[in-house]
Amino acid sequence: MRTVNFYLLLIISALFLLTSCEHDEPNQVKRRGERQIYVLTSEGHIYDLMGDRIMELPNCEYASEIISDGDDYFVSGKSTKDKVGYWKNGKWNTLHIDFIDNVSHETQGIAKWDYYIYLFDYPYILKNSGIFPLDDCEYFSPSSQCIAVSNGKCYLAGVEWHEGDEPNDAVLYYEHKGRYAKAVLPKPGPDVSGHATTIYAYDADHTIVGGHVGTEPCIWVDQVLQILPRTFNAPFYDADVPVGHVSSTTYLNGHIYACGYEEDEDHNMHAILWVDGVPQHPMTPRQQNVRWSFAEELIAYGDDLYMLTFECYDTVSSDGENDTEIDILIWMNDRVIAKYNGIDIVNFTVV
């Protein structure tokens, strides 16, 4: 009887560990044919893989980010009711944090781990109904993909702006004694500006921040700077303006991915993907007619890499007028799986 109880206890313990594990990855990786793509616009509209609008978020003034966990999706942004919270599967959820409910709320990023929802609502990071202030953040501006969580550890990235000619700094915030402490990310020199615009976290203690330093695209892996190579010999601007930039990063099967753009000799942008620092340009059937392009977001799901890109083409209308057309593309690995036109996409997620 004692042996039976021992094995029963082992089974219960294993089940508990399985149900309480962290959710850096989807609960159960779906097969490719079972997955859905949800695309979010700034107005709070959600489109599916086929380009059909499936949801208009209620009371949405603007939406800032969509993420998923299993079959659920979550959206941050600003509600017309001026309450702090988020949308889950299209329904609004208010966070009851009484002592800050009388101020305007604009949640600029969202992340999830286990049953915790993390939101960035300047100058705080909210963890469900808990509130954690940022240290020394008077001149802080968040990145477009600003918040990331891995195994219960939350990180925030962005830019610290300085007055006059003093170079700006890329910064990373991390939890420390109930607050979020600031780390200034390294630069090639004191006269160079640093800009962080995206962050990805994995295995609890590891982060990949992307952006640029001075004129060059870069990533910071665990706060160590890596300047990424470009394939074009773009002439530099007079000002401290980048000719290459990283807009999104991720980690998949032991490899570090970063995407963004680099400029050519005529200062036209070209979408680029770096794999462990090696650059490559995604090619579409209309590539010969592309005027400019850039890559906006990466998502790792299972063993697959998804990427969001924008491509602009020169066209001629039926009456002979010159015009342009923009394709918004979602890739899975090396092929395009969805195309959108005429919508203001913020980002997407895989469900």
Side-chain angles (χ1 to χ4, degrees), residues 141 143-145 157-159 161 165 167-170 185-189 191-200 208-221 225-250 256-298 305 307-315 322-331 334 336 339-341 344-347:
S141 178
S143 59
S144 54
Q145 299 171 22
V159 180
W161 300 97
D165 296 330
N168 304 312
D169 288 312
L185 298 176
K187 302 181 294 187
D191 297 329
V192 176
S193 282
H195 293 257
T197 55
T198 182
I199 182 169
Y200 183 81
I208 309 169
V209 177
H212 66 267
V213 285
T215 61
E216 301 302 322
C218 73
I219 56 175
W220 291 268
V221 180
L225 174 64
Q226 296 182 20
I227 295 178
L228 298 176
R230 296 180 287 109
T231 62
F232 294 107
N233 188 25
F236 296 120
Y237 295 94
D238 292 335
D240 192 14
V241 178
V243 292
H245 174 75
V246 172
S247 58
S248 187
T249 60
T250 194
I256 292 175
Y257 294 85
C259 74
Y261 72 85
E262 67 162 326
E263 294 187 359
D264 63 20
E265 291 80 359
D266 297 320
H267 287 305
N268 296 312
M269 292 188 301
H270 294 262
I272 188 169
L273 174 69
W274 290 273
V275 184
D276 294 328
V278 178
Q280 60 187 53
H281 292 282
M283 304 293 289
T284 62
R286 299 176 64 180
Q287 193 67 35
Q288 294 297 328
N289 301 318
V290 172
R291 184 175 182 181
W292 54 258
S293 64
F294 64 89
E296 180 67 17
E297 185 177 17
L298 293 172
L305 181 72
M307 181 169 62
L308 173 68
T309 66
F310 294 73
E311 294 187 348
C312 178
Y313 310 90
D314 288 319
T315 60
N322 292 327
D323 202 354
T324 58
E325 177 182 332
I326 296 178
D327 283 348
I328 305 168
L329 308 172
I330 293 180
W331 305 65
D334 58 355
V336 175
K339 183 173 75 172
Y340 306 87
N341 297 101
D344 183 20
I345 290 183
V346 175
N347 75 316

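- Side chain of Glu216 to main chain of Pro242: no donor-acceptor pair is present (N/O by atom type, distance under 3.5 Å, no hydrogens or angles).
- Remark: side-chain polar atoms of Ser143 are paired, donor with acceptor, to backbone N or O of Ala157 under 3.5 angstrom.
- Put simply, the residue from Pro282, Ser247, Pro217 that forms a side chain to side chain contact (heavy atoms under 4.5 Å, CB included) with Cys259 is Ser247.
- With Thr197 contributing its side chain and Val246 its backbone, the two residues share a donor-acceptor pair below 3.5 Å.
- Proximity of Phe232 to His281: side-chain heavy atoms (C-beta onward) are separated by under 4.5 Å at one or more points.
- With hydrogens and angles ignored, the 3.5 Å screen pairs no side-chain donor or acceptor of Asn168 with any backbone N or O of Ser193.
- Not one N or O on the side chain of His195 forms a donor-acceptor pair closer than 3.5 Å with the backbone of Val213.
- Taking every heavy atom of both residues into account, Gly214 and Val192 meet most closely at N-CG1, 3.2 Å.
- A side chain to side chain contact (heavy atoms under 4.5 Å, CB included) with Trp292 holds for exactly one of Thr324, Asp264, Ile326; it is Ile326.
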(Q) side-chain contact (heavy atoms from CB on, under 4.5 Å) for Tyr313 and Val290? Distances and angles first, verdict last. (A) CA-CA 5 Å; Tyr313 310 90; Val290 172; 3.5 Å; yes

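- Note: Glu296 CD to Leu308 CG = 6.5 Å, rounded to the nearest 0.5 Å.
- Between Trp220 and His212 the shortest heavy-atom distance is CH2-O, 4.1 Å.
- Scanning both residues, Pro279 and Ile272, for their nearest heavy atoms gives CB-CD1, 3.5 Å.
- Relative orientation of the His267 and Tyr237 rings is parallel, given thresholds of 30° and 60° on the angle between their planes.
- Checking Glu262 against His245 by side-chain atom types alone, no donor-acceptor pair falls below 3.5 Å.
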Q: Evaluate the criterion side-chain contact (heavy atoms from CB on, under 4.5 Å) for residue pair Gln145 and Glu297; output intermediate values, then yes/no.
A: CA-CA 9 Å; Gln145 299 171 22; Glu297 185 177 17; 3.5 Å; yes

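- A donor atom on one side chain and an acceptor atom on the other are not found under 3.5 Å apart for Asn322 and Asp314.
- Surrounding CG of Asp165 are at most 12 heavy atoms belonging to other residues, nucleotides or ligands under 6.0 Å away.
- Of all non-hydrogen atoms in Leu228 and Ala258, the two that sit nearest each other are CD1-CB, 4.3 Å.
- The nearest pair of heavy atoms linking Pro167 to Lys187 is CB-NZ, 3.9 Å.
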(Q) side-chain contact (heavy atoms from CB on, under 4.5 Å) for Val243 and Phe236? Distances and angles first, verdict last. (A) CA-CA 7 Å; Val243 292; Phe236 296 120; 4.0 Å; yes

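- Val209 has its side chain out of reach of Thr249: every pair of non-hydrogen atoms, C-beta onward, lies at least 4.5 Å apart.
- A distance of 11.5 Å separates CD1 in Ile199 from OG in Ser248, rounded to the nearest 0.5 Å.
- Here the two rings, on His270 and Tyr261, have centers that are 6.0 Å apart or farther.
- Looking at Ile219 and Ile227, their side chains never come closer than 4.5 Å, going by heavy atoms from C-beta outward.
- Nearest heavy-atom pair across Ser293 and Glu311 is CB-CG, 3.8 Å.
- Put simply, OG1 on Thr315 and CD on Glu325 are 6.0 Å apart, with the number rounded to the nearest 0.5 Å.
- Interatomic distance, CG of Asp169 versus CH2 of Trp161, reported as 11.0 Å (0.5 Å rounding).
- The line from CD1 of Ile330 to OH of Tyr340 is 4.0 Å long, rounded to the nearest 0.5 Å.
- A distance of 9.5 Å separates OG1 of Thr198 from CD1 of Ile208, quoted to the nearest 0.5 Å.
- Thr309 meets the side chain to side chain donor-acceptor pair (under 3.5 Å) test with Trp331; sequence neighbours excluded.
- Here the side chains of Val241 and Thr215 are not in contact, with every heavy-atom distance at 4.5 Å or above.
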